[in-house]
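Basis for what follows: all heavy atoms, side chains included, without hydrogens, waters or symmetry-related copies. Residue numbers begin at 1 in each chain, while the letters A, B, ... track the order of the sequences.
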2 protein chains.
Amino acid sequence: MKLTTKGRYAVTAMLDLAIQQSAGSVCLSDIAERQEISLSYLEQLFGRLRKSGLVESTRGPGGGYSLGQTPEQVSIAAIISAVDEDVDITRCSGNENCQQNTRCLTHDLWSDLSNKIQNYLEDISLGDLIKRQSVQTIAARQDTVLLKRRDDIVAP
Amino acid sequence: MKLTTKGRYAVTAMLDLAIQQSAGSVCLSDIAERQEISLSYLEQLFGRLRKSGLVESTRGPGGGYSLGQTPEQVSIAAIISAVDEDVDITRCSGNENCQQNTRCLTHDLWSDLSNKIQNYLEDISLGDLIKRQSVQTIAARQDTVLLKRRDDIVAP
DNA sequence: AGAATACCTGAGTTATTTACTTGGTTATTA
DNA sequence: TAATAACCAAGTAAATAACTCAGGTATTCT
């Protein structure tokens, strides 16, 4: 399992989308502001998420992204594998050719761990995360901050 | 949890050591050959493993390394944390300051996963790995290859 | 004593990957 | 037609990982 900022950003952005989408489609610049992620970087990530069918897009003013499935149907594992190439921690990426075309001494250990992580993340959906109190609290705070910032711009 | 080649090398080398140490202390150049890891890189890693008490060293001819504890006492988690700095996948390294000094929207998710991985690797010891049939098979093959290579050098 | 072995150390270098930017184009709506 | 926002590809900069180099020190064997 390759767990980097890229995957974390993708999950964070998807969760933001899931929380906000009751108000219709959500544009990336809003997500970028709330989650403090570079807009163009988000665009890259959402290109991949779209190709995987996890999100749908509408162009033009008032447009943005919405979930392609219900929050309950979108697992964290699916998001990560949509933006990261592989979901494996073995050196050979699961090909079993880590040492002279056969498995290295610890291949199975990493392979087993990869599966554990994969299963864990498959079992958690965006729907599960939304229900968590801590997520609600943080989302509310981020909302307030964003609205306040916009207020300041309009009437300083 | 930061899982990189460094940690994998360390675990592989430690497992090699655990398998071979019945014959007394094992020198790094042998491990380097069997596991195809650069000798100087191994020296770095074993410097850290020694400071953590996981291995003991004897200098001079016939010297090498031996385990500082029984294989059953050495967990995989201990090896990885001896060579990698942190064992956490959150962006803030567990400091909970990922966004403006508070937790980001997905902090708890990564934090929980980190704990899962940590627990999993704490529960596996070198002793457990040695018992596995696949490990025995691969170790035997690596032994043969090494001995054959030495034969070839002595009598080509 | 001297050569060989093998650990020990730190500073440097190279390669890879990640994160991010730039500079556009296309579709849609008001 | 002007503004908005998705779409896209290529490039770059920073970080980190992996590895090398050039010494050293302790120990043993001859």
Side-chain angles (χ1 to χ4, degrees), chain A residues 1-13 17 20-21 24-33 35-52 54-68 80 83-86 88-89 91 93 98 150, chain B residues 1-13 17 20-21 24-33 35-52 54-68 80 83-86 88-89 91 93 98 150:
Chain A
M1 167 70 77
K2 200 158 81 182
L3 275 178
T4 106
T5 308
K6 204 202 285 188
R8 281 194 298 252
Y9 276 173
V11 174
T12 304
L17 176 55
Q20 302 289 339
Q21 80 165 354
S25 67
V26 183
C27 71
L28 287 191
S29 48
D30 281 3
I31 301 182
E33 253 192 289
Q35 305 307 330
E36 299 178 358
I37 305 174
S38 131
L39 174 59
S40 2
Y41 198 38
L42 268 186
E43 287 180 339
Q44 275 185 34
L45 300 181
F46 273 74
R48 301 224 200 178
L49 294 169
R50 201 176 115 264
K51 276 170 196 150
S52 304
L54 295 179
V55 296
E56 282 163 1
S57 62
T58 21
R59 290 180 157 202
Y65 286 93
S66 53
L67 289 184
I80 292 175
V83 297
D84 277 329
E85 299 73 38
D86 53 1
D88 201 287
I89 57 160
R91 193 172 204 197
S93 307
C98 358
R150 295 221 169 131
Chain B
M1 169 67 81
K2 200 158 81 183
L3 274 180
T4 111
T5 308
K6 203 203 282 188
R8 282 197 296 255
Y9 276 174
V11 174
T12 305
L17 175 56
Q20 303 288 338
Q21 79 163 357
S25 66
V26 183
C27 70
L28 285 191
S29 48
D30 281 4
I31 300 182
E33 253 191 287
Q35 306 304 332
E36 299 177 359
I37 304 172
S38 128
L39 174 59
S40 358
Y41 199 38
L42 270 187
E43 287 180 336
Q44 273 185 36
L45 300 181
F46 272 75
R48 301 224 202 177
L49 294 169
R50 198 175 118 264
K51 277 170 196 150
S52 304
L54 295 178
V55 295
E56 282 163 1
S57 61
T58 22
R59 290 179 157 199
Y65 285 94
S66 53
L67 291 183
I80 292 174
V83 296
D84 276 328
E85 299 72 39
D86 54 1
D88 201 287
I89 57 161
R91 192 169 205 200
S93 308
C98 357
R150 297 224 168 129

Checklist line | Close side-chain approach of B:L42 and B:Y9, heavy atoms under 4.5 Å | finding: no
Note to self: Without decimals, in angstroms, what is the distance between A:L28 CG and D:dC8 P?
What the structure shows: 13 Å
Next item on the list: Provide, to the nearest angstrom, the distance between the CD atom belonging to A:E56 and the C1' atom belonging to D:dC7.
Entry: 16 Å
Next item on the list: Mind calculating the distance between CG (A:L45) and C1' (D:dC7) to the nearest angstrom?
Entry: 14 Å
Check: So what does A:Y65 hit on the nucleic acid, given a heavy-atom distance under 4.0 Å: a base, only sugar-phosphate, or nothing?
Finding: sugar-phosphate
Notebook entry, point to check: Given D:dC7, is OP1 or OP2 found less than 4.0 Å from the side-chain N or O atoms of A:R48?
Noted result: no
Notebook entry, point to check: Taking atom P of D:dA17 as reference, at what distance in whole Å does atom CD1 of B:I37 sit?
Noted result: 17 Å
Item checked: Residue pair A:K6 / A:Y41, side-chain heavy-atom distance below 4.5 Å -> yes
Next item on the list: Would you please confirm or rule out a distance under 4.0 Å between OP1 or OP2 of D:dA17 and any side-chain N or O of B:T5?
Entry: no
Notebook entry, point to check: Expressed in angstrom and rounded to an integer, what is the separation of B:R59 atom CZ from D:dT28 atom C1'?
Noted result: 13 Å
Check: Counting distance only, does the side-chain N/O of A:S52 pair as donor-acceptor with the main-chain N or O of A:R48 below 3.5 Å?
Finding: yes
Would you tabulate the pairs of protein nitrogen or oxygen atoms and nucleotide nitrogen or oxygen atoms of nucleotides 21-23 of chain C closer than 3.5 angstrom?
unit_1, atom_1, unit_2, atom_2, d
C:dT21, OP2, A:S38, OG, 3.0
C:dT21, O4, A:Q44, NE2, 2.8

Margin query: Please check this pair: side chain of B:R50 against backbone of B:E56, looking for a donor-acceptor N/O pair closer than 3.5 Å.
Written below: no
Note to self: Just N and O in the side chain of A:S57: are any of them under 4.0 Å from OP1 or OP2 of D:dC7?
What the structure shows: yes
Item checked: Distance in angstrom units between B:L3 CG and D:dA17 P, rounded -> 12 Å
Notebook entry, point to check: Quick one: is B:R50 getting a side-chain N or O under 4.0 Å of the C:dC8 phosphate, OP1 or OP2?
Noted result: yes
Notebook entry, point to check: A:Y65 versus A:L17: any side-chain heavy-atom pair under 4.5 Å?
Noted result: yes
Next item on the list: Flag the pair A:L54 / A:L67 as yes when at least one side-chain heavy-atom distance between them is below 4.5 Å, and no otherwise.
Entry: no
Notebook entry, point to check: Any side-chain heavy atom of B:I31 within less than 4.5 Å of one from B:F46?
Noted result: yes
Check: Would one find a side-chain N or O of A:T58 under 4.0 angstrom from OP1 or OP2 of D:dA6?
Finding: no
